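Below you'll find the structure, written out as structure tokens, and then a few comments.
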Amino acid sequence: MIAPQPIPQELMTAIHACTHAVIIGHKSPDSDSLNSQLALASLLDQLGKSTQLVSAGPFTRHEIVHYEPLFDAHIAQDFKEHDPLIIIVDCSSADRIGYLADEIDSLTTMVIDHHSAGQGFGDITFIDPKAFSVTYMIMQLFEAFDVPLSDTDAHRLLFGLATDTGYFRHIGPYRGEVFTAVSRLVDSGASPRAIYQDMYGEQSFASRKLIGLLLYRMEEHFQGRLLLTWETFEETEHFGEVNRDTETLYAQMLSVRDCEVIVFVKQNAGNQSCIAGFRAHGESPIDVGAIAAEFGGGGHRKASGATIEYSMQETIALLIDRFSDVFDA
Ligand SMILES: [Mn+2]
């Protein structure tokens with residue numbers, strides 16, 4: 001097991017000292033970000049602090065659309081008057097909070113995060129790159145402040161952990177501490193069954209049809225080491241943005257034997273540009289983050305993306321050509 005990072009004393013001191021806290025997560029929020037915000041607000045409320053939850057949105061992922069009413073789009077004026085502590089979760093750089101970066105000038109900022117990239121942001125930082133989710137780190141805070149977990153808090157903490165581990169699929173050996181945490185959360189009222197249903201059930205009919213279409217269209221390149229598919233703007237309009245489930249599409253494509261890299265090209269309106277998504281198999285040495293960066297995008301070694309200013313047909317040809325250097329070498 002890997003022991004959690006110790007909580008910095010200055011973080012404990014700053015939370016004890018504040019009266020008002022604004023809790024912000026990243027734009028295009030996911031379940032780890034939102035549930036970290038909600039659980040942290042619950043902890044601070046129980047410590048007698050006034051809290052505001054703020055997110056730049058948009059709330060598009062199906063499992064989180066119903067969270068939107070719990071969050072404000074801007075920092076409230078009455079909070080600004082109380083010199084609030086700004087707490088940013090699940091963000092490795094200030095630009096991840098979107099336009100809210102302009103609203104936190106001159107306020108004390110605390111960052112709680114588990115990404116390894118992007119340092120030097122925040123006045124007080126608690127960064128644990130070995131933590132599988134920020135909710136796992138918030139759970140440590142509950143224990144440090146000796147605040148018991150309600151069933152709602154336990155549910156939120158487990159939801160974030162389940163999301164960022166791909167429902168525990170990304171956890172390798174000797175990481176039993178994660179399951180020790182899961183055990184405590186389940187015994188505090190979290191339901192793995194309900195969370196699985198929220199994450200993988202409740203899908204729309206249209207979303208399954210769209211995945212079927214995109215999988216049927218999939219092409220093999222370089223003896224099946226690269227799989228590619230695409231989505232036209234007309235299809236995005238027809239099926240609806242809310243019915244897009246690219247993570248499931250990526251997982252299905254990566255599950256094909258001998259596949260090392262997948263490329264997904266989504267056409268933008270007017271066919272003047274596309275969004276390209278890249279994923280690499282866990283065992284592959286190929287760094288798709290570096291390849292996305294060549295096209296002005298970014299991401300991680302295993303997951304990345306870029307906006308490419310060409311038509312869909314040109315983008316596909318360009319990317320196959322770029323990967324021919326990788327696979328023919
Ligand atoms: Mn996260």
Side-chain angles (χ1 to χ4, degrees), residues 2 4-5 7 11 23-43 53-65 67 70-71 86-98 100-101 109-119 121-122 125-142 153-172 175 177-179 181-182 185 190 192 195-196 198-200 245-248 250-251 277 279 282 289 298-305:
I2 293 180
Q5 289 263 335
I7 298 166
L11 178 145
I23 306 172
I24 304 176
H26 57 77
K27 61 184 175 184
S28 300
D30 64 9
S31 155
D32 185 35
S33 182
L34 296 174
N35 282 297
S36 293
Q37 288 178 267
L38 286 160
L40 185 56
S42 167
L43 171 63
L53 290 163
V54 185
S55 174
F59 291 71
T60 51
R61 302 169 200 236
H62 89 276
E63 74 278 18
I64 56 108
V65 280
Y67 283 67
L70 303 173
F71 292 81
I86 303 293
I87 309 180
I88 299 176
V89 298
D90 208 24
C91 294
S92 55
S93 57
D95 62 320
R96 295 287 296 128
I97 63 174
L100 293 168
T109 305
M110 174 185 290
V111 174
I112 304 175
D113 184 41
H114 68 139
H115 296 92
S116 52
Q119 297 294 323
F121 149 64
T125 60
F126 176 30
I127 315 283
D128 185 355
K130 295 269 193 250
F132 278 103
S133 69
V134 174
T135 58
Y136 179 75
M137 300 172 72
I138 304 296
M139 183 177 173
Q140 318 298 326
L141 293 183
F142 269 87
D153 292 327
H155 171 83
R156 287 174 172 155
L157 295 173
L158 187 61
F159 202 159
L161 186 55
T163 298
D164 275 21
T165 58
Y167 210 83
F168 310 106
R169 288 171 303 169
H170 305 325
I171 301 172
R175 297 304 301 272
E177 79 280 6
V178 180
F179 294 95
V182 171
L185 293 171
I195 288 168
Y196 187 90
D198 278 352
M199 287 174 68
Y200 300 106
D245 180 7
T246 44
E247 288 311 318
T248 298
Y250 292 150
R279 293 293 183 275
H300 310 281
R301 292 182 61 82
K302 303 292 175 203
S304 65

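Just so you know, ligand 1 is whichever comes first in the structure, and atom 1 is the first atom listed for that ligand. Values in this document were obtained by computation on a predicted structure and should not be read as measured data.
- Within the 2.8 Å limit, D113 places no N, O or S atom next to the Mn ion (ligand 1).
- Side-chain contact between I127 and H115: absent, with no pair of heavy atoms (C-beta onward) separated by less than 4.5 Å.
- At a threshold of 4.5 Å between non-hydrogen side-chain atoms, the residues L38 and F71 count as touching.
- Considering just the N/O/S atoms of D164, the one nearest the Mn ion (ligand 1) carries the name OD2.
- For the pair NE2 of H114 and OD1 of D90, the angle whose vertex sits at the Mn ion (ligand 1) is 80° to 10 degrees.
- The side-chain heavy atoms of T165 and S133, taken from C-beta on, include no pair separated by under 4.5 Å.
- Heavy atoms from other residues, nucleotides or ligands lying under 6.0 Å from OH of Y200 number more than 12.
- Shortest distance from the Mn ion (ligand 1) to D32 is reached at OD2 (N/O/S atoms only).
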